[in-house]
Amino acid sequence: MSAEIIDGKAFAATVREKVATHVARLKEEAGIVPGLAVVLVGEDPASQVYVRSKGKQTVEVGMNSYEHKLAADTSEADLLALITQLNNDPAVHGILVQLPLPGHLNEDLVINSIDPAKDVDGFHISNVGLLGTGQKSMVPCTPLGCLMMLRDHLGSLSGLNAVVIGRSNIVGKPMANLLLGDSCTVTIAHSRTRDLADVVRRADIVVAAVGRAEMVPGDWIGPGATVIDVGINRIDKPGGGTRLVGDVDFASASAVAGAITPVPGGVGPMTIACLLANTLTACCRANGLEEPEGLTA
Ligand code: NAD
């Protein structure tokens with residue numbers, strides 16, 4: 001069997017288009033422009049690339065982008081003061097603090113100081129609790145993107161066996177909660193899981209979010225399973241240079257799976273698209289307007 005490729009790049013483009021259409025309507029009918037504030041502390045090169053990309057895509061869908069670049073030695077008090085200012089700014093509907101923060105800053109404290117209604121990353125403890133209890137929340141972008149692709153590909157997920165490999169707060173745990181919300185039977189596997197191969201083999205849906213290059217081989221995948229590969233790992237190429245691979249061994253897994261996301265071009269592009277979707281959702285909620293369909297969990 002040769003798996004269908006789930007094209008995250010193309011899907012992300014349709015999500016951005018949907019967001020842009022809704023943003024244009026908001027502007028025309030209500031005179032409202034959604035705004036996303038991104039806060040970057042320090043000069044981590046990867047974070048700088050992400051922040052630039054987020055800002056560019058925000059503007060491309062017609063929203064306002066506010067970038068706040070702070071020095072690496074910014075004090076916690078100054079960062080918290082900026083967040084308070086953004087919390088109180090009616091033009092800002094979404095606030096994202098780019099992680100990781102420099103070591104002297106308490107990430108939990110900083111994230112939990114964001115107004116939960118503007119927490120477009122979905123990391124605030126209130127949003128984690130709301131998601132965990134099946135209530136309306138802001139949903140973390142990467143798992144939201146995975147859920148959208150799964151629904152698009154499979155339709156109803158009800159009753160399916162889903163295995164999430166990885167239990168991080170950013171991907172694994174919210175992913176498991178979202179799958180549970182769609183009535184999957186969910187197993188969360190992690191570094192201490194016994195007989196991981198057997199656990200994965202029983203899954204109709206496999207979401208790999210580990211951060212280990214190609215650790216899931218094709219013979220762990222049940223025939224016809226849907227595989228969502230969240231991992232982004234840079235490895236050396238035999239002739240020199242590097243390339244990106246996922247947590248799943250694409251060559252062997254795509255021979256067995258029913259469908260699979262590639263790396264790059266799968267989950268990655270969906271993450272920023274979902275950030276834009278979350279900003280739009282936050283703006284609609286803030287203004288008591290109807291939320292766009294198909295852009296939230
Ligand atoms: P993390 O390091 O916080 O968590 C990794 C998880 O994997 C842990 O819960 C750990 O228990 C589990 N794990 C480690 N070794 C294992 C093993 N041998 N067997 C089973 N489980 C094991 O990582 P994260 O932040 O959840 O990210 C995971 C991967 O997803 C990384 O490659 C990261 O770059 C990628 N990622 C991609 C996006 C995207 O937009 N595509 C977003 C976030 C993360």
Side-chain angles (χ1 to χ4, degrees), residues 5-13 15-16 38 44-47 49-54 57 96-101 107-108 111 120-123 128 131 138-150 162-179 186-203 206-217 219-221 227-235 242-250 253 260-278:
I5 306 300
I6 300 177
D7 185 345
K9 205 171 158 198
F11 196 0
V15 171
R16 285 197 302 272
V38 176
D44 177 65
S47 294
V49 173
Y50 290 140
V51 166
R52 214 173 306 132
S53 187
K54 285 168 186 172
Q57 293 192 33
L96 179 148
V97 177
Q98 185 66 43
L99 301 178
L101 288 172
E107 270 184 14
D108 289 338
I111 296 304
V120 282
D121 251 344
F123 297 158
V128 176
L131 177 61
M138 295 307 303
V139 177
C141 304
T142 300
L144 177 58
C146 296
L147 183 75
M148 283 184 189
M149 289 194 287
L150 283 168
V163 171
V164 180
I165 318 176
R167 56 176 161 184
S168 73
N169 291 335
I170 292 173
V171 189
K173 284 182 201 157
M175 187 74 244
N177 267 323
L178 287 171
L179 291 166
V186 182
T187 304
I188 306 177
H190 46 78
S191 53
R192 304 293 173 90
T193 296
R194 288 195 202 135
D195 304 323
L196 183 58
D198 285 343
V199 172
V200 174
R201 236 173 248 132
R202 285 195 291 270
V206 180
V207 180
V210 181
R212 284 177 173 237
E214 300 174 323
M215 73 161 268
V216 179
D219 66 1
W220 289 15
I221 305 294
V227 179
I228 304 289
D229 192 350
V230 182
I232 303 175
N233 311 286
R234 193 166 282 286
I235 61 166
T242 61
R243 69 187 178 104
L244 290 182
V245 297
D247 290 343
V248 177
D249 176 40
F250 186 83
I260 187 166
T261 58
V263 177
V267 176
M270 285 298 288
T271 297
I272 298 186
C274 287
L275 172 67
L276 305 176
N278 275 351

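As the structure lists them, so they are numbered: ligands from 1, and atoms in each ligand from 1.
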For atom 9 (O) of ligand 1, the closest protein heavy atom turns out to be Arg167 N, 2.8 Å
The answer for which part of Thr271 has a heavy atom under 4.0 Å from ligand 1 is side chain
The option among Leu275, Asp229, Thr193, Val230 carrying the non-hydrogen atom nearest to atom 35 (C) of ligand 1 is Val230
Discussion item. So Phe11 and Asp7, do their side chains get closer than 4.5 Å, heavy atoms only?
Written reply: no
Value for CD1 (Ile6) from CG (Asp229), rounded to nearest 0.5 Å, stands at 11.0 Å
Ranking Asn169, Val210, Val200 by closest non-hydrogen atom to atom 13 (N) of ligand 1, top hit is Val210
Val171 heavy atoms within 4.0 Å reach ligand 1 at atoms 26 (O), 43 (C), 44 (C)
Taking every heavy atom of Phe250 against every heavy atom of Ile5, the minimum-distance pair comes out as CZ-CD1, 3.4 Å
message = Main chain of Pro140, side chain of Asn278: is a donor-acceptor contact present, judged purely on distance under 3.5 Å?
response = no
In this structure, atom 15 (N) of ligand 1 is nearest to the protein heavy atom Arg212 NE, 3.4 Å
Thr187 and Val199 have their tightest heavy-atom pair at CG2-CG1, 3.9 Å
Check: of Gly172, Cys146, Ala213, Ser191, min heavy-atom distance to atom 10 (C) of ligand 1 comes from Ser191
the protein heavy atom lying closest to atom 42 (C) of ligand 1 turns out to be Thr142 OG1, 3.2 Å
Among non-hydrogen protein atoms, atom 4 (O) of ligand 1 lies closest to Ser168 CB, 3.7 Å
To the nearest 0.5 Å, atom NZ of Lys173 lies from atom CG of Leu131 at 12.5 Å
So the atoms of ligand 1 within less than 4.0 Å of a heavy atom of Gly166 turn out to be 6 (C), 7 (O), 9 (O), 12 (C)
The atoms of ligand 1 lying under 4.0 Å from a heavy atom of Val267, numbered in the order shown, are 41 (N)
**Prompt:** Of all the heavy atoms in Ile165, does at least one lie under 4.0 Å from an atom in ligand 1?
**Reply:** yes
A student checking ligand 1 against Gly211 at a 4.0 Å heavy-atom cut-off should list atoms 28 (C), 29 (C), 31 (C), 32 (O)
On a heavy-atom basis, the closest approach of Ala253 and Val248 is CB-CG1, 3.4 Å
| With a 4.0 Å cut-off on heavy atoms, does Met215 reach ligand 1? | yes
_Tell me whether Ile232 has any N or O atom under 3.5 angstrom from an N or O of ligand 1._
yes
Query raised in the report: Should Leu99 and Ile111 count as side-chain neighbours, where that means a heavy-atom distance under 4.5 Å?
Result: yes
contact_flag Gly268 ligand 1 heavy-atom lt 4.0 Å: yes
- Is a side-chain N or O of Thr193 found less than 3.5 angstrom from the main chain of Leu196, in a donor-acceptor match? no
- Is the closest side-chain heavy-atom distance between Leu150 and Leu179 below 4.5 Å? yes
